[in-house]
Amino acid sequence: MGLAMSVIGTGYLGAVHAACMALEGHDVVGVDTDEARAVALARGEAPFYEPGLDEALVAARGTGRLRFTSDIRAAGDCTVHFLCVGTPQSRDGLAADTTYLMAAAHALAPHVRGDALVVGKSTVPVGTSGAVELAMSGERGGGVRVAWNPEFLREGFAIRDTLHPDRLVYGVDAASASADVAVLDEVYAGQVGRGVQRLVVDRTTAELVKVAANSFLATKISFINAMAQVCEAAGGDVVALADAIGMDPRIGRSFLNAGLGFGGGCLPKDIRAFLARAEELGVGEALDFLRAVDRVNLGRRTRVVELATSVCGGSLEGARVAVLGAAFKPDSDDIRDSPALDVAQRLHRLGASVTIHDPKATHRAKAVAPELNYSDSALGACTDADVVLHLTEWPEYRALDPADLARVVRAAVVVDGRNVLDAARWRAAGWTCLSLGRPAA
Ligand code: UDX
């Protein structure tokens with residue numbers, strides 16, 4: 001028998017969680033203040049591109065166990081409530097903006113049953129679970145049990161990561177630990193049954209686990225990108241370097257892909273929010289290295305702008321630049337803090353005429369960067385280009401025939417911002433291939 005649960009906030013995290021929970025046998029109502037989003041989800045249409053999500057929504061709807069609404073009262077009968085609301089970077093600083101999360105907690109509070117468990121999944125500054133509990137209890141005039149259960153899903157693999165996570169982390173309050181763990185075990189009976197490890201910790205640690213994990217991943221990427229800078233100065237090859245150090249199991253090869261660096265809705269804002277929170281806690285210095293992580297990351301974008309400028313003879317005025325990719329990574333249409341789009345906009349501001357192609361993210365990119373030109377094919381974007389920049393590693397770009405592209409460009413120069421193109425093949429077709437942290441020839 002499944003549980004009756006609500007999922008408050010149906011962005012990347014909430015929409016995927018709601019669909020997966022229904023597929024696991026629970027009775028789920030997804031609630032979002034954005035009515036159009038709720039209506040689309042109810043039709044089985046994800047408001048963003050995520051492989052397999054439309055199919056999962058349709059399948060879950062078919063079971064009769066998944067609904068979406070903008071009416072918070074629909075959450076009233078549930079025994080578990082998941083808070084999946086976004087916590088973006090604040091407009092005026094590095095900290096995370098928890099306004100939407102707290103607003104959701106306030107809105108939900110009057111409808112929570114006395115025996116229900118509220119489970120936070122959003123990525124939050126450490127201490128937020130206590131603030132949520134206080135706010136909800138105050139609103140209801142009685143105790144509300146709050147647990148924290150961070151999510152580690154990656155865009156592009158969100159369904160798989162939800163159904164087969166590396167681990168489950170239950171952050172529970174000591175006063176209600178056994179009851180809360182029992183509820184979470186029921187929620188995740190499918191995953192636990194499939195052998196997924198679960199770790200029971202206090203809520204503070206659970207909140208920290210998420211930001212620590214993302215900080216570590218960001219640090220790994222910036223580490224290899226710092227090595228790329230050294231390789232550029234000394235003449236080394238960062239990909240061979242990553243392969244060699246990655247063979248040490250203590251280091252590991254994953255997240256050592258040097259290139260244009262990280263973007264998206266999580267890594268950049270999470271390291272900044274962690275820094276801001278550490279400052280508040282009086283331990284800002286301990287996380288000082290995250291400033292360098294951020295700096296190295298943003299520096300890679302400048303490097304690509306410089307490479308493009310030098311290829312175009314030192315000035316971008318009147319130059320035509322083709323940009324392959326707008327999303328922050330492949331298999332996503334997310335352009336939040338996208339390195340590719342950032343570079344494209346900077347080149348435009350420096351006087352270049354920039355034409356972008358992306359298999360999925362064009363509509364989103366157009367909305368925030370209408371000044372750029374868009375093409376619905378990679379070949380179209382490259383036509384008459386003085387330089388081609390490969391900035392998001394969609395598999396279809398690796399499958400392009402460099403000889404076809406060489407026929408349409410003005411100059412056959414490609415900058416591989418992700419170090420994944422087969423440089424030998426491109427060179428054989430007459431291209432000059434430049435990359436980040438690798439020798440030019
Ligand atoms: C990340 C975490 O991986 C996930 O666990 C967490 O829940 C949310 O944040 P996501 O933002 O979907 O997930 O993307 P991820 O696959 O981690 O990539 C982040 C960025 O790093 C992308 O821009 C990607 O291009 C870049 N990246 C990744 C590199 O530049 N090099 C690498 O080796 C790996």
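Keep in mind that the numbers below use all heavy atoms, side chains included, and drop hydrogens, waters and symmetry copies. Predicted, not measured: the structure shown is a model, and the values here were computed from it. Counting starts at 1 for both ligands and their atoms, in listed order.
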Once you round to the nearest 0.5 Å, how far does [atom1] of [X] lie from [atom2] of [Y]?
X    : Y    : atom1 : atom2 : value
K121 : L153 : NZ    : CG    : 8.5 Å
I245 : F223 : CD1   : CZ    : 5.0 Å
H363 : I335 : NE2   : CD1   : 8.5 Å

Mind checking side chain to side chain contact (heavy atoms under 4.5 Å, CB included) for E371 and listing every partner two or more places apart, or none if nothing turns up?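 Applying side chain to side chain contact (heavy atoms under 4.5 Å, CB included) to E371 gives Q345, H348, A369.
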Shortest protein heavy-atom distance from [atom], along with the residue and atom involved:
atom                    : answer
atom 12 (O) of ligand 1 : E155 N, 2.7 Å
atom 19 (C) of ligand 1 : L267 CD2, 3.8 Å
atom 18 (O) of ligand 1 : K329 CD, 4.0 Å
atom 3 (O) of ligand 1  : R154 CG, 3.5 Å
atom 5 (O) of ligand 1  : F152 O, 2.8 Å
atom 17 (O) of ligand 1 : F255 CZ, 3.2 Å
atom 6 (C) of ligand 1  : L153 O, 3.4 Å

Going by heavy atoms, is [X] under 4.0 Å from ligand 1?
X    : answer
G261 : yes
R418 : yes
C266 : yes

Would R167 and Q197 count as a side-chain hydrogen bond (donor to acceptor under 3.5 Å, both in side chains) if you check the C-alpha gap in whole Å, the side-chain angles of each, and the deciding distance to 0.1 Å? CA-CA 5 Å; R167 75 297 206 191; Q197 290 247 26; over 6 Å; no
Would you call the rings of Y188 and Y170 parallel, tilted or perpendicular, taking 30° and 60° as the class edges?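 Plane angle under 30°, so parallel.
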Cationic tip of R154 within the cone over F157's six-membered ring, i.e. under 6.0 Å and within 45° of the normal?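 Here R154 passes the 6.0 Å and 45° test against F157.
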Contact atoms of ligand 1, heavy-atom distance to L256 under 4.0 Å: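 Going through ligand 1 atom by atom, the ones under 4.0 Å from L256 are 33 (O).
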